[in-house]
Amino acid sequence: MAVLKTIKKALLRAVAEAGNMRRLSERTGVNYATVHKFCSGEHEIKNIPLDTLERLLPDMRVYCFSDEYPALESKTQFVGQSGGIQIGHNEGALNAYYHDGKAPASSIDCIRDMVLDCDALSDEAIGQICKILKREAKKEQ
C-alpha cells in the first residue's frame, strides 16, 4: 500500500533530519526502542499507533477527500489540448486534470498526455520528459 511506503520513507527521513534515532526519540518524546523497532522493520509500519505517528511526523497531514486539500496560494498552470496541470508553490501540490472532466488515473498520466500533445516541445525533450515520468510512475507503485 502506497500510504505505508510513504510513512516508512517519512520516518526514515525524520531520523536522517534529526541525525539519528536517538535524537528523533529525544525531540519527539517517543521511546527510543519504539523508534528503533519501526525503523528496523522489527515492527510493521502499519502497527504504529496514530498518536505516536503524530509525534514522529508532526507536519504530516491527512486528506481523505479532494475537497479537503489546502487551497493553492499561488500556482503555475500549464494547459494543453487534453488537460492541465497546476503546481502549487505553497505546499508543492500537484493537481492534474483533463478538459473533458474525467479524472486522470494519476497526475503522471495526465502530465504524460499533455507532454505528448504539446507542439512547443522537441521530440528529444518529449522523450526525456516521458523517461522521467516513467521512472516516477515506478516509484509510486
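Note that the coordinates shown come from a computational prediction; the quantities given were computed from them, not determined experimentally.
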Test side-chain contact (heavy atoms from CB on, under 4.5 Å), reference L11, set L53, T6, I45, output is I45
Could you state the interatomic distance from [atom1] ([X]) to [atom2] ([Y]), rounded to the nearest 0.5 Å?
X   : Y   : atom1 : atom2 : answer
E42 : T34 : CD    : OG1   : 10.5 Å
E54 : T28 : CD    : OG1   : 12.5 Å
K5  : K9  : NZ    : NZ    : 9.5 Å
H43 : K37 : NE2   : NZ    : 4.5 Å
I7  : L57 : CD1   : CG    : 7.5 Å

Smallest separation among heavy atoms of [X] and [Y], with atom names:
X   : Y   : result
R23 : A18 : CD-O, 3.2 Å
Y32 : S25 : N-OG, 3.1 Å
A14 : L56 : CB-O, 4.2 Å

Practice task
For the pair S40 (side chain) and H36 (backbone), establish whether a donor and an acceptor sit closer than 3.5 Å, ignoring hydrogens and angles.
Solution key: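 Such a contact is found between S40 side chain and H36 backbone.
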| said: Checking the side chain of K8 only, and the main-chain atoms of E44 only, is there a donor and an acceptor separated by less than 3.5 Å? | reply: no
Should L12 and I48 be regarded as members of a common hydrophobic cluster, given that ILVMFWY residues are connected when their side-chain heavy atoms come within less than 4.5 Å of each other, either directly or indirectly?
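Not linked; separate clusters.
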Check your understanding: Between E17 and R13, does at least one N-O distance fall below 4.0 Å, as a salt bridge requires?
Key -> yes
Take V30 and L24, measure what side chain to side chain contact (heavy atoms under 4.5 Å, CB included) needs, and give me the verdict at the end. CA-CA 8 Å; V30 175; L24 180 62; over 6 Å; no
